[in-house]
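Sequential numbering from 1 along the given sequence is applied to the chain's residues.
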Amino acid sequence: MAGRVAGKVAFITGAARSQGRSHAIRLAQEGADIIAIDIAGPVGSVTAYPMATEADLAETVKEVEALDRRIVATKADVRDPQALKAALDDGVAQLGRLDIVCANAGIFQTVPSLDLDNADWQETIDINLTGVWNTVKAALPHLIANKGGSIILTSSVAGLKPMPNAIHYGAAKHGVIGIMRTIAFEFAQHGIRANSVHPTGVDTIMVQNESIYALFDPANPHPTRESAEAIFTMGNALSVPWVDPVDISNAVLFLASDEARYITGVTLPVDAGAMLK
């Protein structure tokens with residue numbers, strides 16, 4: 001049986017590890033070739049966890065190629081529209097087309113609102129919101145030329161409800177919905193669909209670090225994954241503390257596939273019931 005996205009090409013930002021790598025692998029498993037970008041380097045405001053590296057991006061390449069799919073991987077920053085466009089244009093030149101866009105790149109820090117530095121606010125907005133628009137803007141001409149495609153934007157449950165101590169993150173993730181809905185409406189005439197996915201906590205380095213454990217287990221001077229797990233679980237209706245990257249990737253795959261050919265403008269939670277709380 002042919003894969004669910006066989007013959008298609010997917011552009012994925014933040015592809016070096018975690019959700020981005022998972023999306024690349026899952027789409028490749030179902031027949032897609034991949035154009036992957038990642039900053040693969042430090043971001044000034046992110047100190048709670050290490051950023052992805054060039055070695056991480058190389059590992060994504062290795063895992064996609066092990067599935068006998070093609071991949072063009074480039075180190076690029078979503079805040080740099082010229083670099084982003086150049087990386088995507090090169091990938092399309094090599095792979096021949098563009099069908100799927102996964103604007104996944106993002107950062108996360110927890111800071112009480114009145115303690116948030118203006119520069120840190122701006123960096124999160126620049127990456128998590130403007131970076132999404134830069135990604136979409138670079139991709140749209142290719143999708144129009146292709147006479148259609150699927151755009152999937154990674155938001156969060158924090159894009160649908162408040163998240164204390166992350167006002168900059170929440171503002172950006174709410175804004176992603178505005179980008180998605182506008183694109184879905186404005187470019188439907190070109191056969192382009194746009195949707196957003198909204199994860200609860202995902203089992204990646206962005207969540208699995210002491211800064212986040214302390215937020216969920218503030219009374220503990222040395223919080224750990226194990227000590228925070230019960231409190232994470234309380235945030236979800238289903239009895240799990242977090243979901244796996246592949247759970248988000250399966251939703252991305254569905255939205256990218258022809259199974260979702262008439263689904264557009266939708267905010268899709270993959271949240272273990274967090275939105276019910």
Does a side-chain N-to-carboxylate-O contact under 4.0 Å join [X] and [Y]?
X: Arg225; Y: Asp203; result: yes
X: Asp99; Y: Lys8; result: no
X: Glu59; Y: Arg17; result: no

Would you compute the distance between atom [atom1] of [X] and atom [atom2] of [Y] and round it to the nearest 0.5 angstrom?
X: Gln208; Y: Ile212; atom1: CD; atom2: CD1; answer: 9.5 Å
X: Ile177; Y: Asn195; atom1: CD1; atom2: CG; answer: 12.0 Å
X: Lys75; Y: Glu54; atom1: NZ; atom2: CD; answer: 4.0 Å
X: Asn128; Y: Leu153; atom1: CG; atom2: CG; answer: 12.0 Å
X: Gln19; Y: Asn104; atom1: CD; atom2: CG; answer: 5.5 Å
X: Met51; Y: Asp56; atom1: CE; atom2: CG; answer: 10.5 Å

Hydrophobic cluster membership, with links at side-chain heavy-atom distances under 4.5 Å among I/L/V/M/F/W/Y: are [X] and [Y] in one?
X: Val197; Y: Val207; answer: no
X: Ile39; Y: Val136; answer: yes
X: Val252; Y: Val176; answer: no
X: Ile34; Y: Val101; answer: no
X: Val5; Y: Ile263; answer: yes

Polar side-chain atom of [X] near backbone of [Y] as donor-acceptor pair, under 3.5 Å:
X: Ser249; Y: His23; result: yes
X: Lys277; Y: Met234; result: yes
X: Asp33; Y: Ile71; result: no
X: Ser22; Y: Ser18; result: no
X: Thr135; Y: Ala103; result: no
X: Ser150; Y: Ile100; result: no
X: Arg193; Y: Leu255; result: yes
X: Glu30; Y: Arg4; result: yes
X: Asp244; Y: Val246; result: no
X: Asn165; Y: Thr110; result: no

State, yes or no, whether a side-chain contact exists between [X] and [Y] at a heavy-atom distance under 4.5 Å.
X: Leu160; Y: Met275; answer: yes
X: Asp38; Y: Asp77; answer: no
X: Thr74; Y: Leu57; answer: no
X: Leu95; Y: Ile35; answer: yes
X: Ile125; Y: Glu123; answer: no
X: Met206; Y: Val202; answer: no
X: Leu143; Y: Phe187; answer: no
X: Leu88; Y: Leu84; answer: no

- Query: Which ring pair (Phe, Tyr, Trp, His ring centres under 6.0 Å) pairs, counting each pair once, include a residue from residues 142-170, with sequence neighbours left out?
  - Reply: Phe108-Tyr169
- Stepwise, does the side chain to side chain donor-acceptor pair (under 3.5 Å) test hold for Tyr49 with Glu210? CA-CA 9 Å; Tyr49 57 92; Glu210 190 168 337; over 6 Å; no
Any chance the side chains of [X] and [Y] put a donor and an acceptor closer than 3.5 Å?
X: Gln109; Y: Thr124; value: yes
X: Ser196; Y: His198; value: yes
X: Asn250; Y: Arg26; value: yes
X: Asn236; Y: Thr200; value: yes
X: Ser227; Y: Asp217; value: yes

Mind listing the closest non-hydrogen atom pair of [X] and [Y] along with its distance?
X: Ala10; Y: Leu98; result: C-CD1, 4.4 Å
X: Val61; Y: Ala73; result: CG2-CB, 3.4 Å
X: Gly175; Y: Leu129; result: C-CD1, 3.5 Å
X: Ser155; Y: Gly159; result: OG-CA, 3.7 Å
X: Ala158; Y: Met163; result: CB-CE, 3.8 Å
X: Val240; Y: Ala272; result: CG2-CB, 3.7 Å

- Message: Does Thr60 form a side chain to side chain contact (heavy atoms under 4.5 Å, CB included) with Ile25? I'd like the steps, not just the answer.
- Response: CA-CA 8 Å; Thr60 297; Ile25 291 169; 5.8 Å; no
- Message: Does Ile151 form a side chain to side chain contact (heavy atoms under 4.5 Å, CB included) with Met180? I'd like the steps, not just the answer.
- Response: CA-CA 8 Å; Ile151 296 172; Met180 178 273 288; over 6 Å; no
- Check the pair Phe11 / Thr13 against side chain to side chain contact (heavy atoms under 4.5 Å, CB included), numbers first and verdict last. CA-CA 7 Å; Phe11 176 42; Thr13 66; 4.1 Å; yes
- I would like to know whether Cys102 and Thr154 meet side chain to side chain contact (heavy atoms under 4.5 Å, CB included); could you show each step before the answer? CA-CA 7 Å; Cys102 299; Thr154 301; over 6 Å; no
Please tabulate, for the side chains in residues 114-122, all donor-acceptor contacts under 3.5 angstrom to protein atoms that are two or more places apart in sequence or on a different chain.
| from | atom 1 | to | atom 2 | distance (Å) |
| --- | --- | --- | --- | --- |
| Asp117 | OD2 | Ala119 | N | 2.8 |
| Asp117 | OD2 | Asp120 | N | 3.4 |
| Gln122 | NE2 | Asp126 | OD1 | 2.9 |

- Message: I'd like to check the ring-ring contact (aromatic ring centres under 6.0 Å, His included) partners of Trp242; sequence neighbours left out, ordered by chain and number.
- Response: Phe232
